[in-house]
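Because the structure is predicted, anything quoted here is derived from the model rather than measured. The chains referred to below are lettered A, B, ... by the order of the sequence lines, with proteins before strands, and numbering in each begins at 1.
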Amino acid sequence: MFPVYDGLYLSLMLVPAVFGVVVGAVPSKHAKAASASLCGWSALMGALAYPLFLYGGTVSYTFPVPSAWGPYSVLMDDLSSMIVSISSVVFLAVLSHMMRSASAPRNGKYASLACTLFIACVLAMCADTVMLLLMAWETVTLATFLMSLRGKNGTAAWKFFVIAHVGGLMVICSFLAMASYADGQTLSSWSDLSTVMGVPASCGVIVLLFVGFGTKLGLIPFHVWMPDLYSSAPTHTSALMSTVSSNVAVLVLFKSVFGYVGVSDEMYVLAVILMAASSFTAIWGALESLVQTEPKRILAYSSMENMALVLLCFSLGMLFSDGGSPGLITMVLVAGLFHALNHSVFKSLMMLTVGSAEDCTGETAMERMGGLAKLMPAFSIVSLVAVLSMAAVPPFNGFASEWLMVQSLMGGEGIHMTEIILPLGVAVVGISGMMAAVSYARLYGFMFLGRPRSERRVSKMIGASSLAPMVLLALLCFAMGIFATDIMGRLAGGIGASTTIPSDDSYMAHLAGTLNVPMLAGILLVSVFAVSGLSRVFRKKSTRSPTWDCGTPLTEEMQYSSVGFSQPLVRVFHPLYGDVMELSDDESSKDCKRYSIRFAEPFAERLYVPLSNLVMKGAKYVGRTQNGNIQSYFGYILIVLVTLLVAVRFI
Amino acid sequence: MDVVISGNLIDLCVVAMLLLSMLAMTTTRIAQLLNAFAVQSLFLAFLAFVVADSTGRSELYVLGAITLAVKVAGIPWAMKNTAVRLHAGREVDSTMGIPGSLLISAALIIVAYLVTEPLMATVDTITRNCLAMSMSVILIGLFMMVTRRKAMTEAVGLLMMENGLFLGIMSISYGMPLVVEIGIFFDVLMVAVIIGIFALRISRAFDTIDTSVLRRLKE
Amino acid sequence: MTCVILSLSQAALMIALSPLFAGILRKTKARMQHRVGSSVFQPYRDVAKLFRKSETVSKDASWLFRFIPYVCFGSMVLLSLMTPFVLADVAAPYGDLISMVYIFTLYRFMMVLGGLEGGSVFGGMGSSREMMMSVLIEPSLLLSLMALSGLTGGSTVMSDIPPALIGMGVIVLAPALVLAASSFFITLLAENARVPFDNPSTHLELTMVHEGMLIEYSGRGLGLMELSSMMRIMIFASMIGALFFPWGIALTSSPADLAVGVASMLLKVLMIMLAIAAIESYLAKYRLFRLPNLLTASFALSLLAMISLYIL
Amino acid sequence: MTLGVELLIIIPVAAALLSLAMPSGKTAAVVSVACSAAVILVSLPICIKALGGEATEYGLWYVDRLSAVFILVIGVVGLMSAMYSYGYLSRDVEEKEISSKDERQYHMMFNLFVAAMLSVCIVSSMGILWITIEITTLVSAFLVGFYRRNSALEATWKYLMICSVGITLGLVGITLMYASSSHVLGDDPGALNWPVLYEAAAGLDPTLIKMAFVFVIIGFGTKMGLVPMHTWLPDAHSQSPTPVSAMLSAALLNCALYAILRFQMIADVAVPGFASMLMIGFGMLSLAAAAAFILISKDIKRMLAYSSIEHMGIIAIGFGIGTPLAVFGALFHIIAHSMTKPLVFFSAGNVIQGYGTRDMDEVRGLRKTMPFTAFMLGAGTLAIVGLPPFSVFVGEITILSGAVSAGMYHVAALTVVFIVLVFAGFTRNIFKMMPGDVATGAKVPRGLSRSLPMALLLVITLLLGLFMPEGVSNALWSIADWFSGAV
C-alpha cells in the first residue's frame, strides 16, 4: 500500500478506539454506548485488515513519536492481517453482545477497557518493534485483569494477574535475549537468530517463549487461574480473554519461535519435552473439564485443552524440522494456527451462549439449568453449532483443524526417531479430543436438554440483539469449516512469508483432494434433508406424552445429573483426579451424615499452596530482621562493614 | 619539633585514644564514659597540634582548638547536665558483658590492622601508622552503638566514631582542605545538637532514654 | 460418470444389505444357542413396521429430538458413500480415514444428545456409558488406522489403501496388519455395542448402553436409528474387508472384477458376522468397569502394530 | 558564563525564611509552591546547558549532565509535594492535629530540605557533598518527627542515628579517597573536587579506592536505603507527613545515590569492575529483601517505603551492570521512580486521611468511597510495579535488557524473580482495598491541591513511558555513554 494510506487505515482503526478509552471514562449514562460503538467501529476496521492486505499488500507505519527504545512501528503482514481480521470479527461480535447483555457491567469503564484491550491486541499482533510488542502484550494482560475484576473475585483475578505477569516477564526476557543477538529493534529484520545464538541459547529462549505465552494459554502448571477467573469474571471478559488474547499469544509465539529464533534440527530433545508438556496439558484440560459443574469452568478447561493442541502442533513443527519435509512442517503449523483461529470463533460463540443462558436463567450451575432448547429453539440451534464445532464434528471448523492435526501426525512417519512419539501424539489428540467432546455433550445436554432442573423458571427470553452476534459467529464456524482448504492454503502462504521455512505446496495440493468438507457437508445435508423431507411428505401421526417414568411422576431432580454423567470416566481415570471425599454433618437431621466429593485442582493444592506457604515463610523470616531494635540495626552495619573489608583485603 | 619526637608523640596519642576506646567499652557508669570520651577528644586535639606543628599546616591548629572547645568541654558537659536533669540513671546498660565486649573489640582491632595493612605502603605521611588505630576506634565506636541501650551512650559511640574518623583524616592526609574540614566539624556539632534535641523530646515522651522502648516500629 | 453411478450403487447395496446381515447375525447366534431364531429377513420387517407406526415424543423433548435420527441416518449414508465396498477407488475425492473417524464421532455425539433429551434416567445412563466407551475407543481406532496408513505409505485416502496392500502381495500379512486388524475388530465390537461391551438384545436397566439411549424413540425415529446402527456394523465390517484384507476387491470397474468383488466382499462380511456371533455366544457381557481393560488391550495392540511397523 | 547556580540554594532558603514570616500556614504553603516553581525555572537553563554537554563550574559549584538529571527530578518532586502539602496540612490543621504555627514551621523546613537536596547536586567538592548530605539528614529529621507522636519520635531517632553512623562511614571513604588523590595531586586544595578527581582517577591507588568505595557504598548506601543498612527507611517513611515521605523516597534517596554514582565513576576508572560488583550485590540484596518485606507488610506507607528500597536496588543493579544500555535504563528508572512514587504516596496519603488508618486490612470499599483516589492508587500501583504503558516498565526492561545483553543472565533471572514477588505482594495488598461498600465514617479528602499534583504525575509517568523525545533520549544516552566509559 502507499504509505499515506497505511497511516490513514491504521488511524481509522486505532484512533476511534483511543477516543473510546477516553469517552468510556467520562461519567455519563451514555458513556458505555458511545465507547463501545467507537470500539465497534475500530473492530470493523480491523476486520478489513485481510481484505485490504489482499488488495494492497503489507501495511507498515511508523508512529511520529518515538519511545525510549527508538520508534514505534507497525507491520501488518499476511499472517497478522488474517488473524487481526478474524479476531476483530470475534471482538465485534462479543462487543455487540455486550451492549445488551444483562450481566455485563453497565458503566463506561468496562467499554473503555475493552477499547484498550482492542488496541493492545491489534498492536501486539502487528508490532514491528520490540518495545511496542512488549508494551502491547503486557497491556493485554493489564486490560484483561481490570476487565475481570467484579465484585469479590479479587483473589481469582489476582492469581491470573500474577501468573500472567510471570509469563509476561518470561516473554520480555526472551525478547531481550533475542534483541541482544539481533542488530536492531525491528522485528521484521529478525530471522533465524538461532544461527547467531547457538543451540543452548536459542533453546532457552524457546522454552521461555513457550512457558511465557503458555501462562496465558493455560500450559500446565500455569493454568490454575483459568477456571476461577473464567467463572467469576464478566462473560465478555472471559470471551475476549480466551479468544482474542489467545490469538495474540499464539501468533506472537509462532512468529518468534519459527521466524525470529528459527528452529534448527538440534532442538530435537526440546521439541519432545515441549510435546510432552503440551500433551499432558491437553489431556489434563479434557479430564478436568469432565468434573466441572459450572459451564464457564468447563469452557476454561476446554480453552486449556484447545490451546495445548495448538502448542502441540508448534512443538511438532520443531520436531519435524529434524528431517521432515518443509511441506510437512508447514502443514502442522497450519494446523496449529488454524485451530487457534477456529477456537477463537467457536469458543467466543460458546462463551456468549453460556453468558446468555446465565442471563436468561439467572443460574450459574449446570445442575440447575436444562430445558432451554424447548424454550428457545433458535438459541439452541446456534449453540449446537458451537458445541459441534468444539467437538470437532464435520462439517464445522473444529473438525477441519483437528483433521489436519491428525493428518500431519500420521504423515510425519519415518522422520528421525519419531516412531513412538507420533503414535502417542495421535493417541493424545484422539483421547483428549474425544474427552472434550464428552464434556461438550454434557455441557449442551445439561444446559439445553431435558427438563428444567430447578424451580426457577426462565425469567426472560434471549433477545434478537443478543442472538444476532451469535448467529454471525455460528455462520463463521460453518464457513470456516466449508472453506477450510482455502484458509489452510492462505495460512500456509502466510507461514512461508513470515518464517524461513521454505514454502512447499506439495502437501497442500494433496490435501485439497483428501479433505473435502464441502463434499461431506453436501452429502450429509442432502441425505438429512432428503430423508426428513420424505418423512414430511409421508407424515405419520405424532403424539406427545410424558417421558417414560416407570410409574413414578418425574420431578425436576429425577434426571441424570451432570456429575453422574461423567462418573464412569471419573472412575476410570480416578488416580489422576485430586478428588477428596468429605464427610459432613447434615443440617436437616442430626443422625445423618452427608458424603460429598470435592474435586480440587491438584496443581493448586499440591504445588501452589505449598509454594506460596514457603515464600511467605521465607518472607516472614526475612521480616524478623526488621525487629525494631536500633542496636541490631547498627549490628547489621557493623557486620556488613567488617565482612566487606575483610573480603576486599583477602580477595 | 624533631620529627622523631613528634612521631613518638603522635604514636602515643593514637595509642592513648585506642586505649580510651577500650576503656569506654568497660565502663559501667555514664559519667565515666563521658570522661573517657572527653579525654579521648583531648588526645585528638593534642594530636592535631602536634601534626600542625610538625607539618606546618596552621589550619590544624584551628581544628585542634575547636575540638578542645567542643568535644573536650562542651559536649561532655552538656551531656552530664542532661543526664542529671533527665534522671537517666548512672548505669550504662549493655546487652553484652564486659569480657565479651572486650574480646570483640580486640577482634575488631585485629580486623582493622589486617585491612589497613596494605594501605600503609601507599600513604606516605608521618602519621600513617595511625590508620589502623583510627579504623579500630571507628569500629569500636560502632560496636559500642551495637551493645549499648541508652540513647546517650549511643550518641557517645557515634562521637567516638567521629574521633576515630578525625584521627584517620589526620593520619593519612594531614587533614582535608580547610573549608571542608571546618564544614565537617560544624556538621558534627549540629548532629550532636540535634540528637540532643531529639533525645530530650524522647525522654519527655517516654520518660526514659533507654532506647529499648523504641521498638514499636517493626514488621 | 460411471464412477459416480458405481459409487452410488455400491452405497445403495450396502444400505440394502445391512438389515440382511443383521438378520444373519441374529440367526447364527440363535442357532449357536440351539434356538431356532427368527428369519434372516426379520430386520427388514421390523424396520418397515417401525416406519409405518405413529410416533410418540416426550413432552420434554425439543426439536432436536426429532432431528437426531435424520442426522444419524444421514451420517451413515455419508459413510457408506465413502467406504470402499466392492470397488476400491470410487470414493476418492473425499473418502478419507480421518474424516471417517470424525463422522463416527458426529453419529455418536448426536445419539448421546438424543439420550439426554426427554430427561429420562435411562437415556442419561446410556449416554454416559456410551461416552465413556467412546473416549477409550478413540485412540485405538485412530492408531489402528494410522498403522494401516503407515503400512501403505502414509496415505489416509481410503481408495489408495487396497491397491497398495494388494500390490505388496502376501508378505504384507505382517504382524503390523494383523495386530492393527485385531485392534480394529475390538473397536468394532465396542462401537457397535456388541458383547462383551454391551448386550444388544437386552433392555435390562443396569446393563444397557446403546438401547438406553434409544429408549425414548418410537416409530419412524426408532426405525431410522435401528437402520443406522445396522448400517454402522456393516460399514465397520466392510472396512475390515476392504481395507485390512482387501484381496478380492475390484480395482477396476470391469464386470469380471466387479463380480469377484461382490462375491468376495459378501463372503468377508459374512465371515465377520459369524465371528461376532460366535463371540456373542461364548462370552458374557463384561462389567462396565472391566471394559477399560479390554479397550486398553485394544490400544496396546494398535500401538504394537505401530511399533512392529518400524521395528520388524 | 555564570548562570547563578547559587540561586538554587538562595531561593529556597529565602523562601524558608519567608514562610516562617507568613501570617498563616496556607500562605506559607503558597510560598513553598512558588519557591519550587521558581527553582524549576531557574534550574532549567542550567540543566539544559549541562545536558547539552557543557558543565558549569565555578567556585564551589559544579553542574554537569548527571547533576542536571537529579536537579530536575528534585525540582519536580519538590513542586508536587509542595502542592500536595497545602491540602494535606490544612486538613491536619482542621482536625487540630497541628497548629498553624506548626504548619509554617513545616514549610520552613520543607524549603530548607529542598535547598539541602539541591545543594547536594551542585557542589563540586566531595567533602562539601558530604556536608550537604549530612544537612539533608538534619533538616529532614525535623520533618520526619513533625508529628510529635511517640512513634514519630522513635522513627526520627532511628533515622538520625542510623544515618549519622552511615554518613560517618561515608566520610571515612571520602578521606581514603582524598588520601589517594592527594598522593597523586599533591597538596592541591582542589584534590577533593570531583572533576579533578575524575581526571586523575586512572592514577589513583587501587587498594585505597577499593576500601574507599566499600566505605562509601555502606555509608551513603545507608542513606540510599540499600539493604541491610535500610532499617531506618520504613520507619521514617511511614511516620513522616505524606508529602515528606514522597520527598524522602523520590528525592532524598536519589541524592545519596548521586553521591555513590560520583564515587562509582571514579572507582570504575581506578579499579574496573569492583564498584560494579558491589553495586549489583547490594542492589540484588535490596531487591530480595524488599520483595520479602512487601509480601508481609500491612502498613501501606511501610510497603511503599519497601518499594522504594526495591527500586533503589534495581537502579543500583542497573548502574552496576554498567553497560551504556543498563546505565541508560537506570537513569530512566531514577526519573520514572521519582515521578511515580509520589503519586502512590499521595494517593496513600488520601486513603490514610480519609480512613484514619494506615493498616491496609482495615481499608475496604475504596473504589466506592473515594473513586478518584482509588483510580489514582490503582494506576499508581500498576505503574510502580512495572506495567506498561507507565514509565517504570520501560526503566525495568531497559535494565533487564542491559543485563541480558551484558551476558549477566543470572542477574536478569534473579531480578525477574524478585520483581514478580514484589508484584504479587503489592497488587494483592492494594487491590484488596478496592472492592466493598462505601465505608461509613470515612472523611473523603478533596481539593485541587491534592488532585492536581496526582493528575500531573500520572500524566508525566504515562507520557514518559509512552514517548521519549529525541532530545531527552540523546541527553540520557550521552550520560550513559559517559558513565560507562564508552566515550
Side-chain angles (χ1 to χ4, degrees), chain B residues 57 115-116 118-119 121-125 128 131 134-135 138 141-142 145 151 154-155 157-158 161-162 164-166 168-184 186-188 190-195 197-199 201-202 204-206 211 213-219, chain D residues 60 125-128 130-132 134-135 137-138 141-142 145 148-151 153-161 164-165 167-169 171-172 174-176 178-183 187-193 205-208 211 214 234-236 238-239 292-293 296-299 302 306:
Chain B
R57 296 176 60 134
V115 298
T116 50
L119 301 187
T122 62
V123 182
D124 52 2
T125 53
R128 66 182 185 196
L131 197 57
S134 82
M135 197 70 85
I138 291 171
L142 185 51
M145 299 182 80
E154 277 170 14
L158 182 62
M161 269 178 84
E162 270 160 0
L165 173 63
F166 279 96
I169 291 177
M170 271 183 281
S171 68
I172 53 176
S173 61
Y174 303 136
M176 294 199 186
L178 188 66
V179 190
V180 178
E181 193 107 33
I182 302 282
I184 290 173
F186 273 104
D187 237 21
V188 170
M190 287 285 286
V191 173
V193 170
I194 288 173
I195 286 178
I197 292 174
F198 277 96
R201 282 192 190 173
I202 286 173
R204 264 188 230 130
F206 293 90
T211 53
V213 298
L214 299 177
R215 279 194 197 175
R216 269 185 281 168
L217 297 175
K218 61 180 178 185
E219 288 308 320
Chain D
L60 291 174
S125 160
M126 299 317 277
I128 300 182
W130 181 86
I131 296 170
T132 51
E134 179 77 8
I135 291 175
T137 314
L138 299 179
F142 285 99
R148 302 190 176 186
R149 292 187 294 250
N150 291 356
S151 50
L153 280 178
E154 181 184 340
T156 317
W157 178 254
K158 288 178 180 167
Y159 174 47
L160 261 178
M161 290 309 286
S164 302
V165 167
I167 212 81
T168 308
L169 297 176
L171 188 54
V172 177
I174 294 179
T175 311
L176 290 171
Y178 179 67
S180 77
S181 76
S182 61
H183 188 55
D187 208 8
D188 183 355
L192 264 179
N193 284 3
D205 178 66
T207 330
L208 264 178
M211 192 161 284
V214 167
D235 300 349
S238 63
Q239 296 305 322
F293 285 124
I296 57 169
S297 38
K298 295 197 165 52
D299 179 323
R302 286 181 85 85
Y306 289 124

**Q** Side chain to side chain contact (heavy atoms under 4.5 Å, CB included) with Ala141(D): which residues, sequence neighbours excluded?
**A** Phe198(B), Thr156(D), Tyr159(D), Leu160(D)

**Q** Is the shortest heavy-atom distance from the side chain of Tyr178(D) to the side chain of Ile169(B) under 4.5 Å?
**A** no

**Q** Determine whether a donor-acceptor pair (N or O, by modelled atom type, separation under 3.5 Å) exists between the side chain of Glu154(B) and the backbone of Met161(D).
**A** no

**Q** Does any non-hydrogen side-chain atom of Leu169(D) lie less than 4.5 Å from one of Met161(B)?
**A** yes

**Q** Hey, could you give me the CD/CD1 distance between Glu162(B) and Ile167(D), rounded to the nearest 0.5 Å?
**A** 10.5 Å

**Q** Is it the backbone or the side chain of Leu158(B) that comes under 4.5 Å from a heavy atom of chain D, or both, or neither?
**A** side chain

**Q** Measure Arg149(D) against the heavy atoms of chain B and call it side chain, backbone, both or neither at under 4.5 Å.
**A** neither

**Q** For Leu171(D), run the side chain to side chain contact (heavy atoms under 4.5 Å, CB included) check against Asp187(B), Ile138(B), Ile184(B) and tell me which one passes.
**A** Ile184(B)

**Q** Let me confirm one number: the CG-CZ distance from Asn150(D) to Arg204(B), rounded to the nearest 0.5 Å.
**A** 13.0 Å

**Q** Taking side chain as C-beta onward, heavy atoms only, is Met135(B) less than 4.5 Å from Met211(D)?
**A** yes

**Q** Does the side chain of Glu134(D) reach to within under 4.5 Å of the side chain of Met190(B), using non-hydrogen atoms?
**A** no

**Q** Between Leu60(D), Ile131(D), Ile135(D), Leu176(D), which residue shows the highest count of heavy-atom pairs closer than 4.5 Å to chain B?
**A** Ile131(D)

**Q** What part of Val115(B) is in contact with chain D, defined as an atom under 4.5 angstrom from a non-hydrogen atom: side chain, backbone, both or neither?
**A** both

**Q** Check whether Ser125(D) gets within reach of chain B through its side chain, its backbone, both or neither, counting any heavy atom under 4.5 Å.
**A** side chain

**Q** Please examine the side chains of Leu217(B) and Pro234(D), heavy atoms only from C-beta on, and report whether any two atoms are closer than 4.5 Å.
**A** no

**Q** Which region of Leu153(D), side chain (C-beta onward) or backbone (N, CA, C, O), has a non-hydrogen atom less than 4.5 Å from a non-hydrogen atom of chain B, or is it both or neither?
**A** both

**Q** Go through the structure and list residues passing side-chain hydrogen bond (donor to acceptor under 3.5 Å, both in side chains) with Thr137(D), not counting sequence neighbours.
**A** Lys223(D)

**Q** Go through Met145(B), Lys218(B), Arg201(B) and name the one with the most non-hydrogen pairs under 4.5 angstrom from chain D.
**A** Arg201(B)

